[in-house]
Amino acid sequence: MQGLKELGRYSSLLYQALRSSTEFSTYRKNLFQELVKVGTDSVPIIMLVGIFTGSVMTLQSAYQLEFAFIPLSTIGAIVSESILIELAAVISGLVLAGKVGARVATELGTMRVSEQIDALESMGFNSVSFLVVPRVLAGIMMFPVLYVVASIFGIGGGIAAGYFSGSVPPADFLKGARMFFYPWNVVFGFLKSFVFGFIITSIACYKGFYARGGAEGVGKSTTEATVLGCIYILLADFLLAALLL
Amino acid sequence: MIEIKNLTKSFGDMLVWKDVSFRIENGDTIAVIGRSGCGKSVLLKHINALLTPDSGEVLIDGNNIFDMEYVDQRRIRQKFGILFQGSALFDSINTFENIAFPLRYFSNLTENEIHDKVMRSLEYVNLEDSAQKETSELSGGMRKRVGLARAIILEPEYIMYDEPTSGLDPETANEINDLIILMAETFDITSIVITHDMHSVLRVADKVAFLHDQKLGWFGTLEEMKKSDDKDLLNFITASEYSIK
């Protein structure tokens, strides 16, 4: 019963956000700020995640295929395809559920419990348009960009790890990557990151916007936003794979 | 004029108050008093529809605010300024920007005009030297005064004060009381003061509404309150250290 009530309130908030999305002048300034916070500010951590994911995948693939009589280019194919179709979007999503989701839920939760949202409403602002719409839009606009960053640095990290460990020469790695490259995999990765951006920011906005109590309430909403964001990313990942692959 | 008619509110199974009715004439300063947790702040948030009642009406100049579309409610809200209990200042911007905030969205003033208006508003509350301070640098009394400067910046017809003197030392509380009187006299504003500070009531109020036992326990002028033999009202008043007889 409680779950249905929560779903109803979440849907209602999204409906309000959709209706408010026409009030561009209200959220224009916030949207640009959020694009920077969600996108530009997340680039360093996404680069790091990409590099290490690609590196570890390459080293582990080389280790597992060490005694198999297959061309070294296979490692490049496995790593690049895995990154493009799954890892760049999912691992970035999980990391961003912590970084972006927690920040959004904490910001809005603090604004709620300190009556700043009431203050906005009392001045005549549409608080959903002012606070929720720019954050969700920034999520769905910037997550695909971060997916590209994670993919580039993931494959780059894989090439570097293969080269420095001596397990795969760059030419073989790239040969394998090109051989098994399907544009649909990139489209699928984009689509996933778009969905993950929406999931993380909308859940975080919902949890923060309806936070109650003081510091404890904000802490609870932040934790729930992060945990639920991760769970729904994994669920959406499964559903998208089942439906589209 | 504000007319509250048969207002009833509950949160889940908990009844806050039932059938509360009273009228606030233009130019009056009305104090809403009652024990902590009796729903004074909840009542305040119904007057400009920040909360919705279970039943009843709030008529602003004859129009029920709960029958209006959200867009019209937002327009009506701009007739109100609110000084929130914790001041509700936006902590991401400084003092000047907090006060300028509504002007930037709801007026066509030039930057120079906004500057002059904000500084004039800060002069009223004796904080012209603090314009560039971060809100985290302000003391409790200063935060209240900045909140008040922001509340009057759009030249509202009504101003609502939620526990304006709570948490302040007696001297600073007196300064806030003086400002409430100054605002009412200078701008001919109708004021609603939510408080349990009887000293403040005696200084600023023309009329008093006493919330008690989940209903409007007593309503009348300050002079009538001083002569009243209502047992519950007297118990509340005499619990204060101030004698009014």
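Just so we're on the same page: letters track the sequence lines, and every chain starts at 1. These numbers were taken from a predicted model, which means no experiment stands behind them.
Proximity to chain B (any heavy atom under 4.5 Å) is restricted, for A/Ser114, to the backbone atoms N, CA, C and O. Neither the backbone nor the side chain of B/Lys79 comes within contact range of chain A; no heavy atom of the residue lies under 4.5 Å from a heavy atom of that chain. Contacts of B/Phe84 with chain A are made by both backbone and side-chain atoms, with heavy-atom separations under 4.5 Å. For A/Gln16, no part sits under 4.5 Å from any heavy atom of chain B, backbone or side chain. Proximity to chain A is absent for every atom of B/Ile153, based on heavy atoms less than 4.5 angstrom apart.
At a threshold of 4.0 Å, the pair B/Glu128-B/Arg120 does not count as salt-bridged, since none of the basic side-chain nitrogens sits closer than that to a carboxylate oxygen.
The environment of B/Lys117 atom NZ is dense: over 12 non-hydrogen atoms of other residues, nucleotides or ligands sit within 6.0 angstrom. Within a 6.0 Å radius of OH in A/Tyr15, other residues, nucleotides and ligands contribute 12 heavy atoms or fewer.
For A/Tyr147 (side chain) and A/Leu84 (main-chain N/O), a donor-acceptor pair under 3.5 Å exists by modelled atom type.
Judged by a 6.0 Å distance limit and a 45° cone about the ring axis, B/Arg74 is not positioned over the six-membered ring of A/Phe125.
Heavy-atom pairs under 4.5 Å with chain A peak, among B/Arg150, B/Met160, B/Gln73, at B/Arg150.
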